[in-house]
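Some notes on the structure that comes next.
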Amino acid sequence: MTKMAISFMLFLATSTIWAQDFTLTRATHMIADSADLPLFAIPFLPPGESGENKVWEIESMLEASPLPMLSLRRDSLGRHSVIFGREIKYLAEEDGGLKYVECESPLRHTFHDTPGTVFRFPFAYGDSLSCPYRLIGKYCGQYFLYENGDYSMEADATGRLILSEDTLDNVLRIHTHKTSLLAMSHDSTQLGTMAAKRQTTDFYAWYARGYRYPIACSMIHTLNDDAHPVVATSQSYCLPPSMQACLSDSTNEAIRQLDLQQGKASPRDIIHYSIRQSGSTLTVDYTVDQAATITLIVADVMGVVYQRESHIGAVGEPSSASIDCSGFHHGQYILYLNVNGTIYNEKLVI
């Protein structure tokens, strides 16, 4: 999880429904000089396709498991440090962006003798960058380590991000791709002759207007031997909007307040529904004015999701969907209806 958590900070906002004009700027998205960020592990969030007007759904944001705090600091040399557990990565601001310069942990200590730009401002949908990089160092204090490769970054998708309790418009996804060759040896003069392992990493980060850091991230990492994958891992985690709203960030707080004052254009209701309750069974009767995917989620007031199911609504056709809540503890629950990305909710006592 360390590699992914560190990457989170390196892939760090027009009020149309979609994010075509959403731009990451230094003022709104440069990592802070000092901050402690609460991260949460979530089930893997598939990146899906690139393009405009996409919809992504995080089903279990409120069931996320807490991770160690991710800390940001800035030292006397002006370098940014990103600290997760016992690993520290150092970055320098150059050429309008951020570059890796050094990494230290109990196992590795490396220096980028060819630093690659890992983030650049401003950055908007359709923008991209690519560059080579190279690092050298030691592993476990005795093995010499050499890694070189190529790094690319692209703002490849826009749309909205659906959470259990809310829908975020103006979402921009950043996709970074890194390929590299890694070699280690007791003898530094032998590095060039050692069989190198090929690594590939794809990292996806979802940003929403008014929030400095990604709301969610997914990483897919593969280690290859002679072009055959020997290790493949995938992970996702989040920094929920409610947590980011508690951070000291006057720039993005002002953006959120402005959006609140201006108000979002209310989407036209395409569903007409009523709820019936018989014992432990909830039934939603509905009709839709256009084809829709309807997702029903039952959660308690703490956000723990107990039931979830999806239905396809046909235009003008009276339909119903039932959820069996037998076995639930007596108390208050919330029924969420996600209709093509628009969220409705009703409080219920079961």
Side-chain angles (χ1 to χ4, degrees), residues 1-2 4-15 19 22-42 58 61-62 64-94 96-101 118-124 161 163 165-174 203 205-217 236-264 302-303:
M1 182 61 67
T2 299
M4 185 174 180
I6 296 294
S7 299
F8 176 82
M9 302 317 312
L10 307 181
F11 305 94
L12 300 174
T14 105
S15 55
F22 178 22
T23 300
L24 306 185
T25 69
R26 192 185 188 286
T28 56
H29 292 88
M30 173 61 80
I31 58 179
D33 290 350
S34 179
D36 295 301
L37 308 179
L39 301 183
F40 296 83
I42 58 175
I58 300 180
M61 174 74 85
L62 298 180
S65 303
L67 296 170
M69 194 75 71
L70 183 68
S71 298
L72 307 176
R73 299 293 185 266
R74 195 167 188 179
D75 61 22
S76 58
L77 301 177
R79 301 182 307 177
H80 292 275
S81 59
V82 181
I83 307 162
F84 185 79
R86 300 174 67 187
E87 182 177 61
I88 307 176
K89 289 199 174 184
Y90 299 95
L91 301 102
E93 292 187 43
E94 294 182 23
L98 289 169
K99 294 185 178 183
Y100 272 133
V101 291
V118 294
F119 208 93
R120 186 184 66 204
F121 300 105
F123 214 75
L161 185 62
L163 315 179
E165 77 282 14
D166 195 10
T167 296
L168 297 176
D169 298 322
N170 293 305
V171 172
L172 177 67
R173 189 183 72 189
I174 305 294
F203 187 86
W206 285 264
Y207 296 85
R209 171 178 164 87
Y211 299 94
R212 184 168 298 273
Y213 306 109
I215 302 298
C217 298
S236 293
Y237 66 94
C238 67
L239 204 174
S242 58
M243 297 290 186
Q244 295 203 43
C246 296
L247 300 174
S248 177
D249 186 353
S250 58
T251 300
N252 282 292
E253 183 179 354
I255 292 173
R256 295 195 299 270
Q257 289 297 322
L258 179 62
D259 287 348
L260 187 62
Q261 292 170 7
Q262 292 180 343
K264 295 182 180 179
M302 298 301 293

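FYI, the numbering just counts along the sequence from 1.
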Self-check item: Reported CD1-to-OH distance for the pair I83 and Y90, which is rounded to 0.5 angstrom
Solution: 7.0 Å
Quiz item: side chain to side chain contact (heavy atoms under 4.5 Å, CB included) between D33 and H80: does it pass, once the steps are laid out?
Solution: CA-CA 7 Å; D33 290 350; H80 292 275; 3.6 Å; yes
Quiz item: Looking only at heavy atoms, which two atoms of A32 and L72 are closest? And how far apart?
Solution: O-CB, 3.7 Å
Quiz prompt | Worked check of side chain to side chain contact (heavy atoms under 4.5 Å, CB included) between Y213 and D249 | solution = CA-CA 11 Å; Y213 306 109; D249 186 353; 5.7 Å; no
Quiz item: Which atom pair, heavy atoms only, marks the closest approach of F84 to P68?
Solution: CE1-O, 3.3 Å
Practice problem: Test D36 against R73 for side chain to side chain contact (heavy atoms under 4.5 Å, CB included), laying out the working first. | Solution: CA-CA 9 Å; D36 295 301; R73 299 293 185 266; 3.2 Å; yes
Quiz item: Are side-chain heavy atoms of R79 and V101 found at a separation under 4.5 Å?
Solution: yes
Quiz item: To the nearest 0.5 Å, what is the distance between CG (L91) and CZ (R74)?
Solution: 11.0 Å
Exercise. Apply side chain to side chain donor-acceptor pair (under 3.5 Å) to T251 and list each qualifying residue two or more places apart in sequence or on a separate chain.
Key: none
Practice problem: For R26, enumerate each residue passing the side-chain contact (heavy atoms from CB on, under 4.5 Å) test, keeping only those at least two apart in sequence or located in another chain. | Solution: M30, E93, F121
Quiz item: What distance do L239 atom CG and Y211 atom OH have between them, rounded to the nearest 0.5 Å?
Solution: 11.0 Å
Quiz item: How close do I255 and G210 get, heavy atom to heavy atom, and via which atoms?
Solution: CG2-CA, 3.9 Å
Self-check item: Heavy-atom closest pair, residues P214 and Q244
Solution: O-NE2, 3.4 Å
Quiz prompt | Heavy-atom pair of closest approach, residues I88 and S81 | solution = CG2-CB, 3.9 Å
Self-check item: Non-hydrogen atoms of P241 and L168 that approach each other most closely
Solution: CG-CD1, 3.8 Å
Quiz item: Got a sec, which residues hit side-chain contact (heavy atoms from CB on, under 4.5 Å) with A245, two or more places apart in sequence or on another chain?
Solution: R256
Quiz item: Hey, what do you get for CH2 (W206) to SG (C217), rounding to the nearest 0.5 Å?
Solution: 7.5 Å
Self-check item: Separation of R120 CZ from L98 CG (nearest 0.5 Å)
Solution: 12.5 Å
Quiz prompt | Value rounded to 0.5 Å, distance of NE2 in H29 from CZ in F119 | solution = 7.5 Å
